[in-house]
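Only one structure is covered here, and it is reproduced in the block below.
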Amino acid sequence: MTPSPEYDKFVKSVSNFSQDIINHSINSWNGIDFNLTEPQIIKRFLLDRGVGVDYLNRNLAPILSYSSYEVKFASVFIHQKPRISRHISSINLCTGDTPGCELGDLLVVFCLLDKNKTPLFRSAVISQAKKDRILTSQSQQCLYDSDITFSMPARIYNNSIINTPERNLPDYSQGRTKALHYLILDKFPNLRQVPWNSNLEYSWTHFLNRILVGDLGLPFENPPTPPNPDWNCIIFDLLNIGQGIIPSRIQRGNALADIVNLCPMSRICNPMSRICNP
């Protein structure tokens with residue numbers, strides 16, 4: 001996505017709202033019981049009204065917005081959906097302990113819209129949640145720390161713009177540390193940077209501030225043009241899950257309308273995606 005003057009204006013303005021960002025990032029977790037399981041905590045933050053992403057959109061986003069742009073947050077609960085298969089090229093470099101694992105627990109999306117609700121900038125972070133600073137899956141660590149190629153299940157790629165299973169995560173030179181994180185749910189959330197052994201951690205407040213200024217979260221195009229099995233396609237697939245295009249027994253997406261239901265008029269939209277209006 002090409003940077004815009006409005007996005008630059010927004011980034012320069014973020015420091016003016018430092019205390020608001022601190023206060024609301026903390027308050028967004030109020031009312032969530034950290035004695036619950038990891039999936040229950042994450043599901044409530046991503047999907048429940050009055051907390052988490054919904055709280056940020058109601059309380060922080062209006063403060064950060066301006067007459068010429070609007071801030072939006074969105075999310076997809078991706079716990080156990082999808083479960084991916086590791087590629088032989090990745091296994092050869094990092095053996096792991098299982099043929100596959102879940103891709104993560106949460107997808108958090110940041111979007112800056114112009115006054116016509118056309119996206120000026122979009123970025124996303126995929127995170128794996130842990131109650132303790134202990135990794136119980138070697139394959140999960142391999143996926144986050146070093147794997148590039150993995151395979152999506154058929155029910156995902158059959159509804160994608162690329163109907164083959166292989167997908168490619170960004171390498172470190174392509175912004176991997178912006179794209180993938182561990183989320184530690186120990187009394188209050190902290191983010192841990194990949195690779196796991198880096199031991200670099202910081203608060204949720206710092207995480208949110210970095211997303212706002214573009215220092216964290218990897219930008220994406222939706223729909224991807226041209227279609228490639230890379231980060232853009234991975235996010236496209238996960239947004240399909242959030243929208244219910246990939247069937248699920250539970251709701252998984254929140255506040256996705258402004259993020260994915262628009263595409264620039266210069267692009268041709270894929271009818272299969274159901275993302276752009278005809």
Side-chain angles (χ1 to χ4, degrees), residues 1-29 45-46 52-76 104 106-115 117-127 144 169-184 188-195 198 200-222 231-232 234-235 238-239 254-256 258-260 262:
M1 184 172 289
T2 304
S4 71
E6 291 304 314
Y7 175 67
D8 291 344
K9 182 191 298 184
F10 166 74
V11 170
K12 293 174 183 177
S13 76
V14 169
S15 62
N16 297 327
F17 304 100
S18 296
Q19 194 58 51
D20 294 300
I21 294 169
I22 292 171
N23 293 341
H24 288 301
S25 64
I26 294 172
N27 292 341
S28 67
W29 289 92
F45 184 86
L46 298 182
V53 170
D54 181 70
Y55 175 92
L56 293 174
N57 277 328
R58 292 174 183 270
N59 295 279
L60 180 59
I63 295 173
L64 300 175
S65 298
Y66 187 65
S67 59
S68 57
Y69 54 75
E70 181 181 4
V71 171
K72 286 288 184 180
F73 301 97
S75 59
V76 181
L106 63 158
L107 172 72
V108 175
V109 178
F110 163 70
C111 185
L112 190 72
L113 306 164
D114 69 12
K115 59 184 179 181
K117 290 192 176 294
T118 300
L120 297 169
F121 181 83
R122 287 173 290 195
S123 65
V125 183
I126 299 172
S127 299
Y144 272 52
L169 289 166
D171 207 342
Y172 287 95
S173 63
Q174 300 170 314
R176 191 182 192 93
T177 57
K178 291 186 173 185
L180 302 175
H181 267 69
Y182 299 100
L183 176 60
I184 311 299
F188 194 79
N190 285 289
L191 281 298
R192 186 169 179 135
Q193 189 166 301
V194 297
S198 70
L200 294 174
E201 291 191 15
Y202 44 88
S203 68
W204 179 262
T205 296
H206 188 51
F207 172 77
L208 186 60
N209 194 84
R210 290 182 65 190
I211 287 177
L212 292 170
V213 299
D215 185 44
L216 186 60
L218 199 60
F220 67 93
E221 298 282 351
N222 190 33
W231 180 248
N232 288 326
I234 293 170
I235 299 304
L238 298 183
L239 293 175
N254 183 22
L256 294 176
D258 289 330
I259 310 299
V260 300
L262 292 167

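One is the number of the first residue; the rest follow in order along the sequence. Note that this is a predicted model, so its numbers are computed, not measured.
Between the CG atom of N59 and the CG atom of D54 there is a distance of 8.5 Å, given to the nearest 0.5 Å. For the atom pair NE2 (H24) and CG (L64), the distance works out to 8.5 Å, reported to the nearest 0.5 Å. Between atom OG of residue S13 and atom CG of residue D8 there is a gap of 11.0 Å, rounded to the nearest 0.5 Å. The distance from atom CG of N57 to atom OG of S65, rounded to the nearest 0.5 Å, is 9.0 Å. With rounding to the nearest 0.5 angstrom, the OG atom of S4 is 9.5 Å from the NZ atom of K9. Here OG of S127 is found 4.5 Å from CG of L106. Values are rounded to the nearest 0.5 Å.
With L107 as the partner, the side chain to side chain contact (heavy atoms under 4.5 Å, CB included) test is satisfied by one option alone out of V125, I234, I235: I235.
Counting all heavy atoms, side chain and backbone alike, P189 lies closest to L183 at CB-CD1, 3.8 Å. For the residue pair S198 and Q193, the shortest heavy atom distance occurs at OG-O, 3.1 Å. The minimum heavy-atom distance linking N190 with S203 is given by the pair OD1-CA, 3.5 Å. Across all non-hydrogen atoms, the minimal contact from E221 to N232 is N-OD1, 2.8 Å.
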Discussion item. Apply side-chain contact (heavy atoms from CB on, under 4.5 Å) to residues L200 and R192 and explain how you reach the verdict.
Written reply: CA-CA 6 Å; L200 294 174; R192 186 169 179 135; over 6 Å; no
Worksheet item: Taking it one step at a time, do I184 and E201 satisfy side-chain contact (heavy atoms from CB on, under 4.5 Å)?
Response: CA-CA 9 Å; I184 311 299; E201 291 191 15; 4.3 Å; yes
Worksheet entry | Worked check of ring-ring contact (aromatic ring centres under 6.0 Å, His included) between W204 and F188 | CA-CA 8 Å; W204 179 262; F188 194 79; 8.2 Å; no
Worksheet item: What do the steps show when you test F121 against V11 for side-chain contact (heavy atoms from CB on, under 4.5 Å), and what is the final call?
Response: CA-CA 11 Å; F121 181 83; V11 170; over 6 Å; no
Practice prompt. Apply side-chain contact (heavy atoms from CB on, under 4.5 Å) to the pair Y144 and L169, showing each step before the final yes or no.
Written response: CA-CA 9 Å; Y144 272 52; L169 289 166; over 6 Å; no
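Counting heavy atoms from C-beta on, the side chains of L239 and F220 come closer than 4.5 Å. Side-chain contact between F110 and F73 is present, with heavy atoms from C-beta onward closer than 4.5 Å. Within the 4.5 Å cutoff, no side-chain heavy atoms of Y7 are placed close to those of Y69.
Between the T118 side chain and the D114 main chain, no donor and acceptor come within less than 3.5 Å of each other. At distances below 3.5 Å, at least one donor-acceptor pair connects side-chain atoms of S75 with backbone N or O atoms of L46.
One side chain, E6 or S68, offers a donor N or O that lies under 3.5 Å from an acceptor on the other.
With sequence neighbours excluded, the residues forming a side chain to side chain donor-acceptor pair (under 3.5 Å) with Y182 are D145, listed by chain and number.
Figure legend: cation-pi geometry between R58 and Y55 absent, as NZ or CZ is not positioned both under 6.0 Å from the six-membered ring centre and within 45° of its axis.
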Which side-chain N or O atoms in residues 207-219 pair as donor and acceptor under 3.5 Å with protein atoms at least two apart or in another chain?
from, atom 1, to, atom 2, distance (Å)
R210, NE, D215, OD2, 2.7
R210, NH1, Y202, OH, 3.0
R210, NH2, D215, OD2, 3.3

